[in-house]
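A quick write-up on the structure given underneath.
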Amino acid sequence: MTNPIQIILGLAVVFFLPGYALVNLLFPRKGELDPDLDVVYRITLGMGSSVGLSMLTGFVLNALSDEDSGLVTPGPLWASMLAITGLFFLGGWYRGAYPELGLAHPSLYRAPGTKGFGRSGSAEFARSRRLERLVRERERLLVDLKV
């Protein structure tokens, strides 16, 4: 009997996570797909590409296996899908698709569109936080001026 948590994780790995990580790798900036419906596009593209990646992974594992090895079993499928997801996630992080990781630790911050590691992550994160604070203060002052 299968565990409900195992079923939910399996569905997420097959139908969502690899494709979503791939979409974030290809389009790291928020609003890059569409200014208003970016999240909807990311989710739907992620689901569609996850199905394609899952089928492609199954075909590759079937081609690599012979009659005795049987690579198309749950173990190798889980391992390969999680490895693909991890690689896409790392590539997306490198391209700056996950700036909110800077909240966990400033050294994990990568600004979207940065080339290489020119600035340290913590310095870039501190700079972006200062800019956000200044924008909020500017908006507050504009509201005060209108009153």
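- Taking each heavy atom of Ser50 and Gly19 in turn, the nearest pair found is OG-N, 2.6 Å.
- Ser49 OG to Phe16 CZ: the interatomic distance, rounded to the nearest 0.5 Å, is 9.5 Å.
- A distance of 12.5 Å separates OG1 of Thr57 from CG of Asn62, quoted to the nearest 0.5 Å.
- Residue Phe88 holds its CZ atom at 4.5 Å from CG of Leu22, rounded to the nearest 0.5 Å.
- With a 4.5 Å cut-off on side-chain heavy atoms, Arg42 and Phe27 count as touching.
- A distance below 6.0 Å separates the ring centres of Phe89 and Tyr98.
- Grouping the Ile, Leu, Val, Met, Phe, Trp and Tyr side chains by contacts below 4.5 angstrom, directly or via other members, places Val135 apart from Leu141.
- Transitive grouping of hydrophobic side chains (ILVMFWY, heavy atoms separated by less than 4.5 Å) brings Leu82 and Tyr20 into a common cluster.
- Note that the CG atom of Leu17 and the CE atom of Met47 stand 11.5 Å from one another [nearest 0.5 Å].
- Put simply, Met81 and Val51 are part of two different groups of oily side chains (I, L, V, M, F, W, Y) that touch within less than 4.5 Å, one to the next.
- Nearest heavy atoms, Arg95 versus Leu26: NH1-O, 3.5 Å.
- Within a 6.0 Å sphere centred on CD1 of Ile5, other residues, nucleotides and ligands contribute 12 heavy atoms or fewer.
- Looking only at distances, no side-chain donor or acceptor of Asn3 sits under 3.5 Å from a matching main-chain atom of Gln6.
- Using a distance-only test at 3.5 Å, with no hydrogens or angles considered, a donor-acceptor pair links the side chain of Glu32 to the main chain of Arg29.
- Going from atom CG of Asp144 over to atom CD of Glu137 covers 10.5 Å, rounded to the nearest 0.5 Å.
- Inter-residue side-chain proximity for Leu33 and Val23 is flagged as met; some heavy-atom pair is nearer than 4.5 Å.
- Both Leu9 and Ile43 are assigned to one and the same hydrophobic cluster, defined by single-linkage of ILVMFWY side chains at heavy-atom distances under 4.5 Å.
- The 12-atom threshold is not exceeded at CZ of Phe15, counting heavy atoms of other residues, nucleotides or ligands nearer than 6.0 Å.
- Looking at Leu53 and Thr85, their side chains never come closer than 4.5 Å, going by heavy atoms from C-beta outward.
- For the pair Leu61 and Ser80, the minimum side-chain heavy-atom distance is below 4.5 Å.
- By the criterion of side-chain heavy atoms lying less than 4.5 angstrom apart, applied directly or through intervening Ile, Leu, Val, Met, Phe, Trp or Tyr residues, Val72 is grouped together with Leu64 in one hydrophobic cluster.
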